[in-house]
Amino acid sequence: MISFEHSIATAVAKTDAFSETEVLQLLSIPQETTHGNFSLPCFALAKKMRKAPKLIAEELATQIQLPKELSKVEPVNGYLNFFIDRSFLASSVLTEIQEEGLLYGHAKPNGKTVIIDFSSPNIGKELAFHHLRSTMIGNSLSRIYKASGYHVERINHLGDWGTAFGKLIVMYLRDGGSLEEEALEALTVKELNILYSAFSKASLENPELENEARVVFTKLEEGDSLYRKLWTAFKKATLKELNRIYKMMDVSFDHYTGESFFEDRIPAVLEELREKELLVKSQELDVVMLDEFDLPPCLIRKSDGSTLYATRDLAAALYRKKEFNFTKCLYVVDLGQSLHFKQVFHVLKKMGYDWHKNMHHIPFGVILQQTEEGKWEKGKTRSGKSNLLRDVIEAAGNKILAFIDEKNPDLENKKEIATQIGISALTFNDLKNRRTIDVKFDWDSALSFDGATGPYVQNAHVRLCSIMRKANYTAKISDADWGILTNDAAYELLKVLQRKSANIQKACETDEPSALAQYALEIAEAAHRFIHQDRVLGSPEEKSRLFLVQSTQVVLENVLTLLGLFPIRQM
RNA sequence: GCCUCCAUAGCUCAGUUGGAUAGAGCAACUGCCUUCUAAGCAGUAGGUCGUGCGUUCGAGCCGCGCUGGAGGUACCA
């Protein structure tokens, strides 16, 4: 992989005006194409050299010896503007893509392990639309980290423990639910969901139920066999449906170690906290004080002795460190839980674990939908339709299918493709902006083929595939004439392809799939423009252009995959 | 009260770590299809970067204050 930045740095450093690292730090990519590909501001030197920046730039321009990959250096108003040699760009970028294929721009394995904890839904409930966020951000991050050289462990930290199960069990038994194996086997999440809402309703009239649920959960914790049996059945029923949806979205996990998994590791955690004299009684419960960090106490154990979220997360963190010896552990969980993670990480710090600083909460904003009055709110859809993820996916697929029926009714597997485009559209809509801002979800703009959408990006990929299919030709390096790929449209596209590695790296360093999503849009735009301006099939330049088309398709396919979108070939 | 996140075109958002004249998309208006998916491309119009100070050669970006919105803040997760 050649780095134009490094070539420039080396060339400039030979003049002794800047060091290589200074150049690399100052070098930027100008917005104006007339300002070249890279720009070096000379203002910082003005004081040191007691000269006007404009003069410095002019002098440096005459002194710099250009390497072959650069065609020109031009001083403008105190900037040194560098221009890449177009032919060299084409040959270096395309040769590399040809050699590395889908892995172009990926980093070599670095031997480090990263844990990504994502999706993590609650057992007993169906996936709701908002679960898409953690699931797709985490899914994309795990692919991005892998492409950045990490070994990735994907963990689904299921919410399969807690008072909620007391509620479910109480309600199930109250309703006269069967205890026969077959009946338990046939349970569905849907039924469990109904039990939940039934419980909420019933407990309003009979507040004593809340207490009953708490008692049942405590017994479950103590190992009551009937409750265990029900709990297992509830979990099984939920996982069945979860896996159906994950499969549909092409999301997978290496571990389904939920909260219950850590149940028997909790005594050891409590013991350790006690040993290190961190556990304090406060208002009838056990806490770890975090005053020195200006944080409220971390609650470890309730007054009735049962455990809390934080306790289980501590046990999970200790287990993961021991089991995987990670360099980094990410929690893809919504913004509202920032305080919780801050507290847990600080407890680890107080326990003397230096690796607490490798624990990262990756927060994200909520999904908002517009009410009839035009206000953005959490929760229900405008028409009051279901907010279950499976229903949203189905609705998205149907909308896309109607579109395909209109534009390309003879398409094979159109139902399946429509679902994949629908899921990709929802995913892209979730990933295209910075994580921390709320997603303002709008059906029409998310599923549109125009603008910054999944379908738009997929369409670019489809068009590239379509050209390759019709050409029925596999591009060979010996067929390409780099000189042909130097006009504006080709050159702009090549510049974009050249940035793949930098964009993967940026997405990884900032834990922001949005950086890659924006890049996918850039590729799509440049690709659409290229095939619009430069006729490929049947033109005298056909072979060289096909080479660029194929390379672009390969880059785009991989970027789509890293985002967790389906790289559709026909639509 | 305290803490966190957010504020950029009518709407939804980018902004390469402090660089040149702040960029896209949607909506509006105008062009371009007997040619590889017009599911596309090109163009016009649209801005006091919430606000006031400060830091410096230079601030949408960094610091402090203020305003407005969202969330969190002891026995849910």
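Keep in mind that what you see is a predicted model, and the values were worked out from it rather than measured. A, B, ... follow the sequence lines: proteins, then strands. Residue 1 opens every chain.
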Taking only side-chain N and O atoms of [X], does any of them lie within less than 4.0 angstrom of OP1 or OP2 on [N]?
X	N	answer
A:Arg529	B:rG40	no
A:Lys506	B:rU16	no
A:Arg434	B:rC5	no
A:Lys302	B:rC76	yes

Classify the nucleic acid contact of [X] as base, sugar-phosphate or nothing, counting any heavy atom under 4.0 Å across all strands shown.
X	value
A:Val287	base
A:Asp450	sugar-phosphate
A:Asn81	base
A:Gln533	nothing
A:Pro455	nothing
A:Ser282	base
A:Asn433	sugar-phosphate

Legend entry - Which nucleotide in B:rC75, B:rA77, B:rU35 has an atom nearest any side-chain atom of A:Arg535: B:rU35

Legend entry - Nearest to side-chain heavy atoms of A:Gln31, which nucleotide of B:rA20, B:rU37, B:rA74: B:rA20

Quick one: [X] [atom1] to [N] [atom2], roughly how many Å, whole number?
X	N	atom1	atom2	value
A:Asp442	B:rG10	CG	P	19 Å
A:His532	B:rA42	NE2	P	8 Å
A:Trp376	B:rG69	CH2	P	19 Å

